[in-house]
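Quantities reported herein were computed from a predicted structural model and do not represent experimental measurements. In listed order, ligands and their atoms are each counted from 1. We number each residue from 1, following the sequence as shown.
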Amino acid sequence: MDNSHRYDVAVIGAGSAGLQAAQTLGRMHQSAIVISTDHYRNDPTGHMHNFLGHDGAPPAELRLAARKDAEAYDDVRFLDTTGAGVTRISGELGAFVLEIEGEPTVHARRVLLATGVRDTLPDVPGVAENFGDLVAHCPFCHGHEYAGTPIGILGAGAHVGAMASMLQPLSADRVVLTHGETPDEATRALLDRLGATVVTDPVAAVRRAEDRLVVTLADGTELTLGGMIVKTDWRQAAPFAEQLDLELSEVGAVVVDAFGRTSLPGVYAAGDLAQGPGLPMPMASVLVAASAGMMAAAACVQDAALARIA
Ligand SMILES: Cc1cc2nc3c(=O)[nH]c(=O)nc-3n(C[C@H](O)[C@H](O)[C@H](O)COP(=O)(O)OP(=O)(O)OC[C@H]3O[C@@H](n4cnc5c(N)ncnc54)[C@H](O)[C@@H]3O)c2cc1C
């Protein structure tokens, strides 16, 4: 790699946000480098839903097609790293420096963060093995596949009431598994009103049996479900928000304006790691991430153009 080259934009991440950003930058003849590791949030699942024209397709298939699209533009270059990827970003608008494990340093005028988030799953045996299939965190992504069957909802917080309500049109039979916890009175009353069953015994394990999920409770009782919704704890996949002292939202997402600009001039963010105006949390989906990638790339192009005529 030519160490002296300064790219217009360094895109970090090649999920749907980064790949769409790359295509937009390529079409506007911005020299862009797209740096990634090979880990994506939806790695655990073989099917991607709720994406126009690709409903049910493998996520890797979409990424491959999107990458080919972006590679067709002369100004876009991909750097696939095998280690930790980008480890440090420093500098300022016009002169950012990216340190990358095992690779020469990259210089860029602007940086577009598309590094996504990492999930931590509830510590119940069998949940990780079935995550992305019979266990899921997102009803929009997986709920339809559980429709008409008993659907489990793991947890006892206020969110389980909202989830039981959201899933009502998909199944009359919703089972809230509080895993040994006691929901507060308001949540309990809401679940009763919604006709959800509440099981308070701890969950010992879950396992697949053909196309169903069998839940074993601590006393040995078994329940058979069509699927189970869990809440994951997520955090930024990369350390850049901290390194660059970017403003974070209450839930730990990078705060961006409608165009994906962060609190630091020259740094943009798109995809699951970022939260736009008026939203309570990042709207985590492949389509929303791609759209945000396009917006942030467009902002890079526009901000550079305006700077040239200022
Ligand atoms: C189990 C599961 C199922 C899902 N199913 C669906 C679904 O059906 N439909 C749907 O719309 N959404 C689904 N989602 C949500 C979807 O996966 C995300 O919304 C989407 O992947 C976000 O894209 P992204 O580009 O922000 O991040 P990601 O796709 O996670 O990409 C992050 C990129 O950043 C790179 N990266 C991270 N750190 C570094 C670093 N330090 N250096 C270099 N590169 C780095 C990674 O290598 C990767 O290229 C699902 C999520 C999960 C967990």
[atom]: nearest protein contact (heavy atom, Å):
atom: atom 41 (N) of ligand 1; answer: Val86 O, 3.0 Å
atom: atom 6 (C) of ligand 1; answer: Cys141 SG, 3.2 Å
atom: atom 19 (O) of ligand 1; answer: Asp272 OD1, 2.8 Å
atom: atom 33 (C) of ligand 1; answer: Ala114 O, 3.4 Å
atom: atom 17 (O) of ligand 1; answer: Asn42 CB, 3.1 Å
atom: atom 49 (O) of ligand 1; answer: Ala14 N, 2.8 Å
atom: atom 43 (C) of ligand 1; answer: Ile12 CG2, 3.6 Å
atom: atom 9 (N) of ligand 1; answer: His49 O, 2.8 Å

Quick one: which ligand 1 atoms are inside 4.0 Å of a heavy atom on [X]?
X: Asp119; answer: 53 (C)
X: Gly271; answer: 26 (O)
X: His142; answer: 3 (C), 5 (N)
X: Ile35; answer: 43 (C), 44 (N)
X: Val286; answer: 10 (C), 11 (O), 12 (N), 16 (C), 19 (O)
X: His137; answer: 51 (C), 52 (C), 53 (C)
X: Ala84; answer: 40 (C), 41 (N), 42 (N)
X: Ala289; answer: 22 (C), 23 (O)

At a non-hydrogen distance cut-off of under 4.0 Å, which region of [X] contacts ligand 1 (side chain, backbone, both, or neither)?
X: Ser285; answer: both
X: Phe240; answer: side chain
X: His39; answer: backbone
X: Ile100; answer: neither
X: Phe140; answer: neither

May I ask whether Phe131 places a heavy atom under 4.0 Å from ligand 1?
yes
Write down the atom of Phe240, the atom of Val86, and the distance for their closest heavy-atom approach.
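Nearest heavy atoms, Phe240 then Val86: CZ-O, 3.3 Å.
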Indicate the atoms forming the closest heavy-atom contact of Ile151 with Leu225, along with that distance.
C-CD2, 4.5 Å
Crowded around [X] [atom1]? As in, over 12 foreign heavy atoms under 6.0 Å?
X: His47; atom1: NE2; value: no
X: Arg193; atom1: CZ; value: no
X: His144; atom1: NE2; value: no

Please determine if [X] has a nitrogen or oxygen closer than 3.5 Å to a nitrogen or oxygen of ligand 1.
X: Gly18; value: no
X: Arg118; value: no
X: Ser36; value: no

Using 30° and 60° as the class boundaries, would you call the ring planes of His142 and His49 parallel, tilted or perpendicular?
perpendicular
Arg27 to Tyr73 six-membered ring, cation-pi geometry met (6.0 Å, 45°)
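Not flagged: Arg27 not positioned over aromatic ring of Tyr73.
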Geometric cation-pi criterion Arg109 and Phe96, 6.0 Å radius, 45° cone:
no
Does any donor atom in the side chain of Arg110 or Tyr7 lie under 3.5 Å from an acceptor atom in the other side chain?
no
Close side-chain approach of [X] and [Y], heavy atoms under 4.5 Å:
X: Tyr146; Y: Ile229; value: yes
X: Ile153; Y: Val175; value: no
X: Val97; Y: Ile89; value: no
X: Phe78; Y: Leu19; value: yes

Can you run down the side-chain hydrogen bond (donor to acceptor under 3.5 Å, both in side chains) pairs that involve residues 217-239, sequence neighbours left out, and say none if there aren't any?
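Found Asp119-Thr232, Arg207-Glu222, Asp219-Thr221.
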Tell me the nearest of [options] to [atom], using heavy-atom distances.
atom: atom 23 (O) of ligand 1; options: Gly15, Ser16, Gly13; value: Ser16
atom: atom 47 (O) of ligand 1; options: Asn50, Thr37, Asp133; value: Thr37
atom: atom 37 (C) of ligand 1; options: Val135, Thr45, Thr115; value: Thr115

Using the side chain to side chain donor-acceptor pair (under 3.5 Å) rule, take Ser249 and Gln275 through it: C-alpha gap first, then chi angles, then the decisive distance, then the call.
CA-CA 7 Å; Ser249 73; Gln275 183 174 334; 2.6 Å; yes
Looking at residues at least two apart in the chain, or sitting in another chain, which of them share a side-chain hydrogen bond (donor to acceptor under 3.5 Å, both in side chains) with Thr187?
Asp184
